[in-house]
K.L.:
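Structure below; questions to follow.
Side chains are part of it too, since the values below use all heavy atoms of this structure and drop only hydrogens, waters and symmetry mates.
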Amino acid sequence: WVYRHFPLSSIHPNAQKAAEASECVAEQGGNDAFWEFADMMFESGLGRDNYIAYAEDLGLNVATFTDCFDSGKFAQKVADDLADGSAAGVRGTPGSVIVDHETGETRIVSGALPMSSFQSIIDTLKNS
């Protein structure tokens, strides 16, 4: 499983900067901090002041986080993730690309679907 950012800035104006902030957290605090930060954003809201408070709550160096965030260090990475997703056929979030590594066949799954739907697609790929 690989996570990629897909900020839909046209309907979520804070999405790009939220994704960048999460990358600054991951750089300093690792994968676990990334997911804790994501949970904090969804539970308590977006915005620069919130991101700084979350970084502090996670025990990160706030000055390092703020420098990273304010510099736009990860803006291109987030933009590249969006471009890669679009090129793969993703049109919204959540968007998933399921790849059969034996055949290279792919399926694009759009929307929040139950695990049984994903399992059905995986089973179809395995049996084709």
K.L.:
If you round to the nearest 0.5 Å, how far is CD of E36 from CG of N31?
P.N.:
10.5 Å

K.L.:
Are K77 and E20 within salt-bridge range, i.e. N to O under 4.0 Å?
P.N.:
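Salt bridge between K77 and E20, a charged N being under 4.0 Å from a carboxylate O: no.
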
K.L.:
For a quick test of reading the model, state the closest non-hydrogen atom pair linking G89 to I108 and the distance between them.
P.N.:
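Result for this residue pair: O-CG2, 3.7 Å.
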
K.L.:
Could you tell me whether the side chain of V25 reaches within less than 4.5 Å of the side chain of L60, counting heavy atoms only?
P.N.:
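Contact flag for L60/V25 side chains = yes.
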
K.L.:
May I ask you to test the F65-E56 pair for a side-chain heavy-atom distance under 4.5 Å?
P.N.:
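Contact flag for F65/E56 side chains = no.
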
K.L.:
Distance only, no hydrogens: is a donor on one side chain within 3.5 Å (strictly under) of an acceptor on the other, for Q16 and H5?
P.N.:
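Their side chains do not contain a donor-acceptor pair, so the 3.5 Å distance test is not met.
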
K.L.:
How are the rings of F37 and Y51 set to each other: parallel, tilted or perpendicular (split at 30° and 60°)?
P.N.:
tilted

K.L.:
I'd like to know if the side chain of T93 reaches the main chain of G95, judged simply by a donor and an acceptor atom lying under 3.5 Å from each other, with no hydrogens or angles considered.
P.N.:
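No, T93 side chain to G95 backbone: no donor-acceptor pair under 3.5 Å.
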
K.L.:
Could you grab the distance from atom CE of M40 to atom OG of S22, nearest 0.5 Å is fine?
P.N.:
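Going from the CE atom of M40 to the OG atom of S22 covers 13.0 Å.
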
K.L.:
Check L113 against V109 and note the closest heavy-atom contact, atom names and distance.
P.N.:
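Nearest heavy atoms, L113 then V109: CD1-CG1, 3.3 Å.
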
K.L.:
Would you say the side-chain atoms of S120 pair up with the backbone N or O of S116, donor to acceptor, closer than 3.5 Å?
P.N.:
no

K.L.:
Would the distance check show the side chain of S86 and the main-chain N or O of L82 forming a donor-acceptor pair, the cut-off being under 3.5 Å?
P.N.:
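Yes.
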
K.L.:
Is the closest basic N to carboxylate O distance between D100 and R107 below 4.0 Å?
P.N.:
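No salt bridge links D100 with R107.
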
K.L.:
Which heavy-atom pair separates C68 from S71 by the least distance, and what is that distance?
P.N.:
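So the two residues come closest at O-OG, 2.8 Å.
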
K.L.:
Drop me the distance from C24's SG to F74's CZ, to the nearest 0.5 angstrom.
P.N.:
5.5 Å

K.L.:
Centre-to-centre under 6.0 Å for F34 and Y3, is that the case here?
P.N.:
yes

K.L.:
So, do V90 and F6 sit near enough that their side-chain heavy atoms are less than 4.5 Å apart?
P.N.:
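Touching, per the 4.5 Å side-chain cut-off.
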
